[in-house]
Amino acid sequence: MVFTGAWYDGWETRRHNKEAFDWVVVRLGVASGTVEGVEVDTAFFTGNYAPAISVEGCFSDDDAEVVSWKGGRGRWKTIVGLQPCGPSRRFGWKLDRPSTEAYTHVRLNMYADGGIARFRLFGHAVPVFPDDKQAVVDLAAAQNGGIAVSCSDQHFGTKDNLLLPGRGKDMGDGWETARSRGKDHVDWAIIKLGAPGRLESFVVDTAHFRGNFPQKVAIHALDWRGQATKPEANDASWRELVAPSEMGPDKEFALTSADKETVFSHVKLTMIPDGGVKRLRVFGRRAE
């Protein structure tokens, strides 16, 4: 127990709300994004769950302005209209017509008060790049629209972790493959960049991988724009930008691109022979 009552693993408001609804504003973890689905989970809220919810979105580069609207109209646009909820279960809504509009913030409204354990949005990241196209940015970052599209193996940790912000908390939030036993084995992950660009440098981070980092890594890139399929790992178009380079434990390794002028849309990170990598950063300038 705490001073205000029971401590729950979720968002719970006090009873008898005098306003029409309680609300919480969330800034998306990506620069902006489109929304295709919404999930509200009232797990463990059995007698104090949210009776109903709605979800709204807006695009703004001013957090203070968005918060100042509070429960008012502001520039909020409806994503999901008023929907009933119930006790201790998951509720999901797939948008019949997914909006192509990108949002930076969403507001979850709870009618009138109660508890919600989890709130999830499903959609696609939409990068918000600087106006200056000569600015060097991380084109692989999830916040900038980077997507891990395929890999050879992800036994201990998913390839998607490579593109997350920060350096993580342990080995579990990186990309780690099973141990190999075969001769000349390699593991690879292919990343679609948030925007095609000219690549200048890379950072391969082995944070928390102290005994299971790869012996070496190599980086290749190609331009796959307009193709209906995703590139294969053995496609002849891959160009080596970083030759096999020695790795080590729990460290960020800065690597320079061998081609800073060609425009590429995808990169391939190859671990030799296997192991774990926490993050991959791909710094470059967007194509004109």
Flag side-chain contact, heavy atom, 4.5 Å: [X] against [Y]:
X    : Y    : result
D205 : V277 : no
P214 : I272 : no
L199 : L241 : yes
L121 : V106 : yes
V126 : T34  : yes
V203 : F283 : yes
I79  : W93  : no
L108 : I116 : yes

Under the 6.0 Å and 45° cation-pi test, does R210 pair with F213? no
Within 45 degrees of the axis of the six-membered ring of F253 and under 6.0 Å from its centre: does K251 put its NZ or CZ there? yes
Determine the minimum heavy-atom distance between [X] and [Y], stating which atoms define it.
X    : Y    : answer
V204 : L280 : CG2-CD1, 4.0 Å
A43  : A117 : O-CB, 3.6 Å
R285 : E261 : NH2-OE2, 4.2 Å
L28  : Y103 : CD1-O, 3.1 Å
D223 : F264 : N-CD2, 4.2 Å
R279 : R167 : NH2-C, 4.3 Å

With distance as the sole criterion, is a donor-acceptor pair present between the side chains of [X] and [Y] under 3.5 Å?
X    : Y    : answer
D113 : T13  : no
D62  : S60  : no
R239 : T262 : yes
D259 : S257 : no
H105 : D63  : yes
H155 : E176 : no

Determine yes or no for a side-chain-to-main-chain donor-acceptor pair under 3.5 angstrom, with [X] supplying the side chain and [Y] the backbone.
X    : Y    : answer
R286 : P130 : yes
K268 : A233 : yes
S237 : D235 : no
D274 : T177 : no
T206 : D250 : yes
W175 : G275 : no
D138 : R281 : no
S265 : W224 : yes
K278 : D170 : yes
W188 : N234 : no

Single-linkage hydrophobic cluster [X]~[Y], side-chain heavy atoms < 4.5 angstrom:
X    : Y    : value
L139 : L255 : yes
L193 : I147 : no
V80  : F91  : yes

Counting only heavy atoms not in [X], do more than 12 fall under 6.0 Å of its [atom1]?
X    : atom1 : answer
E19  : CD    : no
E101 : CD    : yes
R27  : CZ    : yes
Q215 : CD    : no

Quick test of your reading: applying side-chain hydrogen bond (donor to acceptor under 3.5 Å, both in side chains), list the pairs with at least one residue in residues 140-152, sequence neighbours left out, ordered by first then second residue. S152-D187
Checking side-chain contact (heavy atoms from CB on, under 4.5 Å) between I53 and each of V40, N109, T42, which is the one that passes? V40
Could you pull out all residues at least two apart from R75 that satisfy salt bridge (charged side-chain N to carboxylate O under 4.0 Å, His left out)? E65
Set of residues satisfying salt bridge (charged side-chain N to carboxylate O under 4.0 Å, His left out) with respect to E56, sequence neighbours excluded: R73, R107
Identify whether the distance between the nearest side-chain nitrogen and carboxylate oxygen of D9 and R118 falls below 4.0 Å. yes
Parallel, tilted or perpendicular: which describes the rings of W69 and W76, with under 30° parallel and over 60° perpendicular? perpendicular
